[in-house]
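When reading the values below, keep in mind they use all heavy atoms of this one structure, side chains included, and skip hydrogens, waters and symmetry mates.
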There are 2 protein chains.
Amino acid sequence: MGARVTIADVAARAGVSISTVSLVLNNKPTRISEETRERVRQAAQDIGYSPNKVAQGLRRRLTHTLGLISDSIATTPYAGQMLAGAQDVARENGYMLFFVDTGADAEIEEQALSQMQAQQVDALIFAAMWHREVTPPTNLPNKAVYLDCFSQTSPRPSVVPDEIAGGRAAVQYLVNAGHRRIAYVDVDENPPPIASKLRHRGYLAIHEENHLPVDPALHVKGASTHDGGRQATEKLLALPKEERPTAIFCFNDRMAAGVYTALRSHGFEIPSDLSVVGYDDQQLVAAELYPPLTTVALPHYEMGKWATEVALGIRPHSGTDPPHLMPCPLITRESVAPPPVGAPTHPGGEA
Amino acid sequence: MGARVTIADVAARAGVSISTVSLVLNNKPTRISEETRERVRQAAQDIGYSPNKVAQGLRRRLTHTLGLISDSIATTPYAGQMLAGAQDVARENGYMLFFVDTGADAEIEEQALSQMQAQQVDALIFAAMWHREVTPPTNLPNKAVYLDCFSQTSPRPSVVPDEIAGGRAAVQYLVNAGHRRIAYVDVDENPPPIASKLRHRGYLAIHEENHLPVDPALHVKGASTHDGGRQATEKLLALPKEERPTAIFCFNDRMAAGVYTALRSHGFEIPSDLSVVGYDDQQLVAAELYPPLTTVALPHYEMGKWATEVALGIRPHSGTDPPHLMPCPLITRESVAPPPVGAPTHPGGEA
DNA sequence: GTGAAAGCGCTAACAT
DNA sequence: ATGTTAGCGCTTTCAC
């Protein structure tokens with residue numbers, strides 16, 4: 001189908017040889033008269049010629065094709081933005097993107113990788129749908145780049161979200177609003193996701209920098225779901241009144257939604273009674289909560305771009321650089337306010 | 001990168017000609033001794049040979065490559081399932097998938113199509129992220145198939161959700177639970193999305209079949225968002241008590257979430273006071289609502305499979321068939337119960 | 001300035 | 001039962 005018309009047809013119509021056509025159409029700096037150039041271009045246009053990329057790829061040994069392998073996009077609603085970022089830079093640079101979602105099945109991963117190699121892709125991106133360390137297929141080529149993941153044992157260029165800075169931004173924002181007792185509604189997984197640890201690191205750093213005591217009772221955990229957030233919040237609300245937080249920083253927006261539910265069911269108003277901040281800026285949840293949730297956005301689009309740029313060699317990268325940390329912007333909406341007047345700060349704290 | 005080793009290397013190592021290698025590796029029914037076959041296979045394995053798909057594609061004029069163009073996956077959280085369906089059948093049949101998301105930009109669509117043709121894809125899928133009539137690019141090849149969309153002017157094989165049946169299933173379920181006054185919280189767009197009209201058609205059909213009067217006051221509209229659902233519900237609650245619905249069927253889950261919010265703020269319990277049913281079975285919303293939302297699922301995965309199967313010629317299809325209607329299963333969760341005892345049925349109705 | 005010819009890696013007639 | 005050869009559509013030296 002498609003390009004039935006070949007370079008030979010163009011040559012015939014323009015009354016020149018196929019090499020001339022090739023030279024002209026590829027703008028080679030050979031001295032071919034402007035006159036013939038024009039004739040060739042016209043002929044190509046007339047018969048609707050467009051070069052067969054497969055033949056070009058075979059000859060040039062460059063297919064202008066890029067592979068993106070991910071563990072799971074189907075089950076991850078916001079993953080699309082990584083793809084969109086990758087796509088945009090691919091398109092702008094004349095590349096087409098092979099996409100495969102492996103469902104994290106090692107066998108499928110390996111098979112997909114072979115297929116892509118067989119298809120002679122010029123570049124490869126190996127993506128995870130949430131920030132984690134991966135154990136890549138053994139046949140992962142050297143030129144691959146990691147997107148939203150990394151590997152210590154099999155290092156490649158890599159981008160991940162700057163989770164520490166994200167945690168810092170969220171908590172600093174709360175501190176700036178006047179909060180002194182800030183809870184962290186964390187995810188309860190073993191081992192904990194990298195993001196959980198790093199966001200908590202940001203939380204701790206801000207406490208330290210602001211000389212705020214850290215109360216272990218304010219670090220609660222639950223499943224990474226609406227219900228997990230709800231249950232974790234119950235623990236917080238079970239604390240004696242003066243030990244309760246005035247603000248809650250959540251591992252993610254889903255849990256934040258659960259925090260909302262728990263708070264509501266106890267008659268607390270958000271943000272006048274308690275402030276809450278999420279993480280992920282997840283579509284269809286963060287902005288649709290009541291009130292709209294202040295949260296930290298995961299830079300999926302930007303990471304997708306970055307990975308593709310280095311994969312394509314547009315962005316310089318020395319293979320041994322540590323993972324690139326992409327900033328996570330704070331998205332301020334309406335779930336944060338100053339603590340209620342007269343709210344407890346912390347036992348013996350400096351108000 | 002990749003397959004540096006060619007068929008010639010295998011031939012040399014096995015001490016045969018390259019044609020023999022080709023014959024063997026492609027399992028051609030030519031009589032080559034089992035002995036040499038084995039030798040060739042061994043040689044190939046030894047040096048890690050895998051055929052160059054680009055060269056194969058050029059020669060066979062079949063690339064085992066499939067293009068999927070969509071208007072927008074990045075902004076549509078549940079779209080991934082269509083991709084997943086497409087992917088699965090592609091992989092099972094040895095095809096690789098080129099994916100491009102055009103953001104519904106006509107110029108990009110056209111360009112993407114040309115690129116795919118230039119890449120000599122064997123099949124093409126043109127997908128929309130919500131059920132609608134599209135005006136496809138002028139260069140859409142005849143062999144393309146529509147996924148979750150269709151075109152009257154430029155028909156091709158097409159799959160769309162069976163929205164009428166979905167609307168019927170939802171409303172019948174409500175009727176079976178004992179409801180007689182059922183509202184439809186519709187989307188307020190002009191022109192209305194096809195899905196909106198068809199789901200309403202299902203709603204009406206069930207009313208007719210059950211000899212239930214249709215009260216126009218119960219057909220309210222709002223923006224296709226959480227807030228739109230909330231506002232539409234306010235209209236319902238502003239009705240005189242005995243004219244209010246005992247159940248609400250929503251255009252989609254997002255609006256259903258808004259219905260929950262409005263109901264709650266007026267002190268109604270779901271489902272004991274009012275039942276609600278959504279549409280879409282949207283990830284991270286339907287199942288995470290309190291109580292979990294009974295809804296009608298959009299068969300994204302199945303549609304993705306169907307489209308790919310006909311695109312690949314695995315599933316027979318006569319080009320002129322009307323759009324294939326894919327069933328939308330009812331997902332029953334906990335948002336439906338019988339109406340409260342003594343609830344109004346309808347003025348003059350048969351209870 | 002332009003054309004002839006070799007060859008990218010593979011398949012498929014056609015020989016033998 | 002296996003090898004030779006002619007391309008698939010294109011790019012790129014090298015001649016003229």
- Task: Can you tell me the distance, in whole Å, between the CD1 atom of A/I32 and the C1' atom of C/dG3?
- Result: 10 Å
- Message: Less than 3.5 Å apart, any donor N or O on the side chain of A/R156 or A/S154 sitting next to an acceptor on the other?
- Response: yes
- Message: To the nearest 0.5 Å, what is the distance between NE2 on A/H300 and CE on A/M129?
- Response: 8.0 Å
- Item | Minimum heavy-atom distance between B/A311 and B/L66, given as atom pair plus value | CB-CD1, 4.5 Å
- Tell me, which of residues 18-26 of chain A have any heavy atom that sits under 4.0 Å from an atom in DNA chain C? A/S19, A/T20
- Ion pair B/R41/B/E34, N-O distance below 4.0 Å: yes
- Picking from C/dC8, C/dG3, C/dT2, the nucleotide nearest the side-chain atoms of A/R59 would be C/dC8
- Task: Step by step, work out the side-chain contact (heavy atoms from CB on, under 4.5 Å) result for B/T63 and B/Q119.
- Result: CA-CA 8 Å; B/T63 56; B/Q119 290 283 0; over 6 Å; no
- To the nearest Å, how far apart are B/K28 NZ and C/dC10 P? 15 Å
- May I ask you to say what A/V54 touches in the nucleic acid, namely base, sugar-phosphate or nothing, with a heavy-atom cut-off under 4.0 Å? nothing
- Residue pairs involving residues 88-100 of chain B (criterion side-chain hydrogen bond (donor to acceptor under 3.5 Å, both in side chains); sequence neighbours excluded): B/D88-B/R91, B/D88-B/Y301
- Query: Within a strict 4.5 Å, meaning less than it, do heavy atoms of the A/T65 and B/F98 side chains meet?
  - Reply: yes
- Item | 5' priority, DNA chain C, between A/S33 and B/K53 [closest heavy atom] | A/S33
- Task: May I ask you to evaluate whether B/R60 reaches the phosphate of C/dT11, defined as a side-chain N or O under 4.0 Å from OP1 or OP2?
- Result: yes
- Quick one: on DNA chain D, does A/I7 or B/R37 contact a more 5' nucleotide (nearest heavy atom)? B/R37
- Item | Spacing between A/L58 atom CG and C/dC10 atom P, to the nearest angstrom | 9 Å
- Does the side chain of A/S17 pick up a donor-acceptor pair with the side chain of A/T20 at under 3.5 Å? yes
- Query: Roughly, in whole Å, what's the span from CG in B/N52 to P in C/dG7?
  - Reply: 18 Å
- Only pairs at least two apart or in different chains count here, so list each ring-ring contact (aromatic ring centres under 6.0 Å, His included) that has a residue in residues 113-158 of chain A. none
- Message: What is the separation between atom CZ on A/R61 and atom C1' on C/dA6, rounded to the nearest whole Å?
- Response: 14 Å
- Net bend of the helix from C/dG1-D/dC16 to C/dT16-D/dA1, end axes of five pairs each, nearest 10 degrees: 50°
- From A/K53 atom NZ to B/Q115 atom CD, the distance as rounded to the nearest 0.5 Å: 6.0 Å
- Message: Distance under 4.0 Å to a non-hydrogen atom of chain B counts as contact; along DNA chain D, which nucleotides mark the start and end?
- Response: D/dA1 to D/dG9
- Message: Suppose the criterion is salt bridge (Lys or Arg N to Asp or Glu O under 4.0 Å): which pairs have a residue in residues 66-84 of chain A, not counting sequence neighbours?
- Response: A/D71-A/R132
